[in-house]
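Each chain gets a letter, A, B and so on, in the order its sequence line appears, and its residues count up from 1.
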Amino acid sequence: MIVGPTAVGKTVYAIKVAKMLDTEIVSCDSRQCYCELRIGVARPSEDELGSVKHHFIANRSVREPYNVFTYEQEAMERIHNLFNSHDIVVAVGGSGLYADALCQGIALLPDPTPELRAELQALPLDELQGRLKALDPAYFERVDKQNPVRLQRALEVIRMTGRPYSEVIRQTKMKRPFEIEKIGLYCQPHILRERIDRRASLMAEEGLVEEVRSLTPLRNLQPLNTVGYKEIFAMLDGTCTEETALSAVKTHSWQYAKKQMSYFKRDKSILWKEN
RNA sequence: GGCGUUGUAGCUCAGUUGGUAGAGCAGCGGACUGAAAAUCCGUGUGUCAUUGGUUCAAUUCCAAUCAAUGCCA
């Protein structure tokens with residue numbers, strides 16, 4: 001499992017490792033899996049994809065609902081199959097939650113109905129807090145009470161299962177039937193920032209604006225709520241210039257990279273390598 | 001050259017009917033079990049352009065200066 005912040009060089013590194021081990025790559029990336037997103041999510045190039053077999057790159061549409069559990073199910077099945085013909089498989093990705101789901105599993109829970117999600121989404125924060133406090137005081141105690149997404153999610157699960165959220169997610173971590181070695185790629189902050197800026201400029205040259213423009217009809221779908229896309233949509237709305245939008249993409253990518261680092265830093269089993 | 005307007009945090013700006021000031025963004029740190037490139041939390045002293053004047057007290061009122069900008073010549 002290879003993790004690390006955006007633009008640190010995971011793609012190239014993973015390909016190198018996979019070639020050396022004569023195996024294939026399973027991606028854990030919550031955006032590169034969409035076939036409609038290419039330039040803005042830094043999908044590996046045709047050459048790169050051709051040099052080593054990749055799984056879960058551009059394998060589904062932003063139009064279909066997707067989530068980390070579906071990913072975990074599909075990816076685990078794929079990995080089991082790969083282990084029939086390979087001793088080792090390379091996994092790589094910057095989506096910490098997806099990587100975690102692959103390494104240690106995730107609770108089996110029913111999806112909320114669209115009606116339920118819409119119903120809870122309409123509730124004000126204090127109402128969400130009140131309900132969760134009543135239905136699952138233990139989780140209410142430790143959840144981020146200001147975060148509507150967290151509160152909504154817990155209430156969805158409670159409604160779907162009839163059990164407290166804190167109970168259904170307890171002890172869902174499992175040992176996989178294979179050894180996992182985690183490698184974290186990092187580099188000095190100023191170097192990472194340069195790489196992010198350079199990559200964003202490159203995306204612009206490759207036609208990021210056109211890619212985003214062509215996705216305008218789909219812009220309200222969650223997968224389009226993504227760094228590199230939302231800033232360009234704003235530009236197409238006329239709220240800012242292309243130059244401003246591009247510099248926002250750079251800034252937001254940097255912020256994203258820092259969030260990734262703070263997520264990965266918690267995992268003490270990661271072996272860090274400067275790249 | 002004349003008449004205005006503006007000059008406050010890295011940026012965009014609010015504000016103080018005179019008692020030395022605060023938002024958004026950025027920066028920095030953090031959380032995270034089906035939205036995760038998402039979502040959320042914490043963190044704000046800066047010669048309030050400069051120099052004088054009035055005042056117990058000026059970033060706030062007055063004057064001059066400098067800079068930016070607009071209109072007229």
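With a cut-off of 3.5 Å on both pairing distances, the Watson-Crick or G-U wobble partner of B/C71 is B/G2. If you check B/A57 for Watson-Crick or wobble pairing at under 3.5 angstrom, you find it has no partner at all. Base pairing annotation: B/A49 forms a Watson-Crick or G-U wobble pair with B/U65, both donor-acceptor distances under 3.5 Å. Pairing of B/G24, defined by two Watson-Crick or G-U wobble distances under 3.5 Å, is identified with B/C11.
The base of B/A26 does not come close enough to the side chain of A/Q255 for any donor and acceptor atom to sit less than 3.5 Å apart. Taking 3.5 Å as the limit, the base of B/A35 and the side chain of A/Q121 contain a donor-acceptor pair of atoms between them. One N or O donor and one acceptor, one from the side chain of A/R150 and one from the base of B/A38, sit under 3.5 Å apart.
If you take atom P in B/C66 and the same atom in B/A57, they sit 29 Å apart, rounded to whole Å. Rounded to whole Å, the P atom of B/U60 lies 14 Å from the corresponding atom of B/U20. Of the C1' atoms belonging to B/U16 and B/G22, the separation is 11 Å, rounded to the nearest Å. If you take atom P in B/G42 and the same atom in B/U5, they sit 41 Å apart, rounded to whole Å. If you take atom P in B/U55 and the same atom in B/U50, they sit 23 Å apart, rounded to whole Å. Taking the C1' atom of each, B/U8 and B/A49 are spaced 10 Å apart, rounded to whole Å.
Distances were taken from every side-chain heavy atom of A/R31 (C-beta onward) to each of B/A26, B/A36, B/G34; the shortest belongs to B/A36. Of the candidate nucleotides B/U33, B/A36, B/C40, B/U33 has the atom lying nearest to any side-chain atom of A/Y165. Distance from the side chain of A/W254 is smallest for B/G27 among the nucleotides B/G34, B/G30, B/G27. For A/Y98, counting side-chain heavy atoms from C-beta on, the closest listed nucleotide (B/G27, B/G34, B/A36) is B/A36. Closest to the A/S95 side chain, of the nucleotides B/G30, B/U33, B/A36, is B/A36. For A/D144, whose side chain is taken as the heavy atoms from C-beta onward, the closest listed nucleotide among B/G34, B/C41, B/A35 is B/C41. Taking every side-chain heavy atom of A/L97 into account, B/G34 is the closest of B/G34, B/U39, B/A35.
A cation-pi arrangement is found for A/R78 relative to A/F56, the charged atom lying closer than 6.0 Å to the ring centre and inside a 45° cone about the ring normal. Geometrically, A/K273 does not engage A/Y186 in a cation-pi contact defined by less than 6.0 Å to the ring centre and at most 45° from the axis.
With the nearest nucleotide of RNA chain B identified for both A/Q146 and A/I106, A/I106 has the one nearer the 5' end.
Counted by atom type alone, A/H54 and A/E24 present zero donor-acceptor pairs between their side chains at under 3.5 Å. With 3.5 Å as the limit, one finds a donor-acceptor pair spanning the side chains of A/T244 and A/T241.
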| Step by step, would you call A/D100 with A/K173 a salt bridge (Lys or Arg N to Asp or Glu O under 4.0 Å)? | CA-CA 9 Å; A/D100 284 349; A/K173 292 181 183 174; over 6 Å; no

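Taking the six-membered ring for Trp and thresholds of 30 and 60 degrees, A/F178 and A/H80 have ring planes more than 60 degrees apart, a perpendicular arrangement.
Whole-Å rounding puts the A/K250 NZ to B/A26 C1' distance at 16 Å.
Look at A/K265 and you'll find a side-chain N or O under 4.0 angstrom from OP1 or OP2 of B/G30.
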